[in-house]
Amino acid sequence: MAPCSSTEKFELHVPPLEQLCEVLQNGLKENFADAQVSVVDCPDLTQDPFQFPVKGICGKPRITDVGGVPYLIPVARPDKVYNMNSVAKEVELPGAFILGAGATSSKAIGMNAELVPLVLTENEGQQVVNGSYYASINPADGKCLQEKYSDKYKDCDFGLLANLYACEGKPGKARKIKRSGGVLMM
C-alpha cells in the first residue's frame, strides 16, 4: 500500500443549493435547448436503478484527490496502490460512503482499467460493501468491458489516482437536472 505522503486540508465555500441550481441552469442553457435545475429530496439510492449501498449522498461531505497523473505518465507506477478504508480515515470519516472516478489497482486485475468506486467503508461493527464497477478493454475482442468489481475481487484497493466524494450516505437534498435538445461539451 502506498503511504500517505502528504495531506492538505481546506475549508471550501459551500453555496446554498438554490444558488448552485441557478448557476448550473444558466450554464446548461448555453448548450441545451431546455435545461431545468431544481432542489429535490434525494431518491432512495438503495433502490433501482441505483443499487447503492446507502440511501443518500448527504452528511459531512468531503472531496479528495488521491495520487495523481504523475503516477501514470510518463511511466505508470503500479506500486501506487491505495485503499478506500484508509482514505475514509484520512478524510476523518470512517465508515464513509465513497464514490467517484479513478483507476483500478493493476496488481488486483492485472491490467489498466477505469474504476467507478461505490464503497461503504468499514467502521466499528460495519462491514465493507463494495458496489464498485470497473471498465477495461476486453483483450478477446477489443470492445469495452464493464464488470462489477466485487463479483471478482474482495478488496477495496485502487491504483495511481482517484477523484473521490465521501459522505455519511444519508438522505437529504439533491440537485435534479433535466435537459434536452443539445450536446453537452465536456
Side-chain angles (χ1 to χ4, degrees), residues 11-25 27-28 32 34-67 82-105 108-109 113-136 144-159 161-180 184 186:
E11 288 288 326
L12 300 175
H13 169 69
V14 180
L17 289 178
E18 292 75 12
Q19 181 183 1
L20 180 61
C21 288
E22 183 180 330
V23 170
L24 287 172
Q25 185 161 323
L28 288 169
F32 296 97
D34 183 41
Q36 299 170 3
V37 182
S38 58
V39 177
V40 299
D41 288 328
C42 185
D44 183 347
L45 298 178
T46 63
Q47 302 301 308
D48 284 334
F50 307 104
Q51 299 286 316
F52 286 11
V54 294
K55 290 188 175 284
I57 54 172
C58 297
K60 298 183 182 174
R62 309 255 211 271
I63 56 173
T64 186
D65 288 335
V66 181
Y82 306 93
N83 182 276
M84 293 291 174
N85 294 305
S86 298
V87 170
K89 291 174 186 161
E90 190 66 29
V91 299
E92 301 172 356
L93 200 58
F97 172 60
I98 299 178
L99 66 122
T104 61
S105 165
I109 69 168
E114 300 296 319
L115 179 68
V116 181
L118 299 166
V119 179
L120 179 61
T121 60
E122 67 187 4
N123 199 5
E124 292 180 23
Q126 175 181 293
Q127 294 290 324
V128 170
V129 179
N130 191 343
S132 302
Y133 288 86
Y134 72 99
S136 62
C144 182
L145 177 65
Q146 178 183 308
E147 297 182 87
K148 190 159 188 173
Y149 191 85
S150 62
D151 286 349
K152 292 187 172 188
Y153 310 101
K154 301 303 174 201
D155 61 75
C156 292
D157 292 347
F158 62 100
L161 54 88
N163 307 114
L164 304 171
Y165 172 80
C167 67
E168 293 177 314
K170 293 181 176 180
K173 296 294 183 185
R175 277 80 45 222
K176 180 178 181 178
I177 300 174
K178 290 177 69 174
R179 56 100 184 142
S180 65
L184 181 59
M186 300 291 248

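These values consider heavy atoms only, across backbone and side chains, with no hydrogens, waters or symmetry-generated copies.
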After noting the C-alpha distance and the side-chain angles of S132 and V116, does the key distance pass the side chain to side chain contact (heavy atoms under 4.5 Å, CB included) rule? CA-CA 6 Å; S132 302; V116 181; over 6 Å; no

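- With rounding to the nearest 0.5 Å, the separation of CD in E168 from CG in L120 is 11.5 Å.
- Using a distance-only test at 3.5 Å, with no hydrogens or angles considered, a donor-acceptor pair links the side chain of K154 to the main chain of S150.
- Using a 4.5 Å heavy-atom threshold, the side chains of L20 and V37 count as separate.
- Without hydrogens or angle criteria, N85 side chain to E122 main chain gives a donor-acceptor distance under 3.5 Å.
- Residues Q36 and I177 fail the side-chain proximity criterion, which asks for heavy atoms closer than 4.5 Å.
- Sequence neighbours left out, the pairs with a member in residues 58-67 that pass side chain to side chain donor-acceptor pair (under 3.5 Å) are D65-N163.
- The NZ atom of K176 sits 5.5 Å away from atom NZ of K178, with the distance rounded to the nearest 0.5 Å.
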Working for side chain to side chain contact (heavy atoms under 4.5 Å, CB included), residues V66 and V87: CA-CA 8 Å; V66 181; V87 170; 4.1 Å; yes

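- When atom types are taken as modelled, the side chain of S105 and the backbone of F158 share no donor-acceptor pair closer than 3.5 angstrom.
- For the atom pair CD (Q146) and OH (Y133), the distance works out to 7.0 Å, reported to the nearest 0.5 Å.
- Between G131 and K148, the shortest heavy-atom contact is CA-CE, 3.8 Å.
- Side-chain atoms of Y153 and N130 include no donor-acceptor pair closer than 3.5 Å.
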Could you walk me through whether M84 and L164 satisfy the side chain to side chain contact (heavy atoms under 4.5 Å, CB included) test, starting with their C-alpha distance in whole Å, then the side-chain angles of each, then the deciding distance to 0.1 Å, before giving a yes or no? CA-CA 10 Å; M84 293 291 174; L164 304 171; 4.1 Å; yes

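- When all heavy atoms of Y149 and D157 are compared, the pair lying nearest together is OH-O, 4.1 Å.
- To the nearest 0.5 Å, atoms SG (C21) and CZ (R175) are separated by 7.0 Å.
- Annotation for C167 and P61: closest pair CB-CA, 4.3 Å, computed over non-hydrogen atoms.
- Between the side chains of Y134 and E114, no donor-acceptor pair is found at a separation under 3.5 Å.
- For V119 against C156, the heavy-atom pair with the smallest separation is CG1-SG, 4.0 Å.
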Would L118 and V129 satisfy side chain to side chain contact (heavy atoms under 4.5 Å, CB included), going step by step from the backbone distance to the final call? CA-CA 8 Å; L118 299 166; V129 179; over 6 Å; no

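- In terms of heavy atoms, I98 sits closest to A166 at CG1-CB, 4.0 Å.
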With a cut-off of 3.5 Å and sequence neighbours excluded, list every side-chain donor-acceptor pair involving residues 49-58.
unit_1, atom_1, unit_2, atom_2, d
Q51, NE2, D48, OD1, 2.5
K55, NZ, D44, OD2, 3.2

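- With sequence neighbours left out, K173 forms a side-chain hydrogen bond (donor to acceptor under 3.5 Å, both in side chains) with D41.
- The nearest pair of heavy atoms linking S180 to F32 is O-CB, 3.5 Å.
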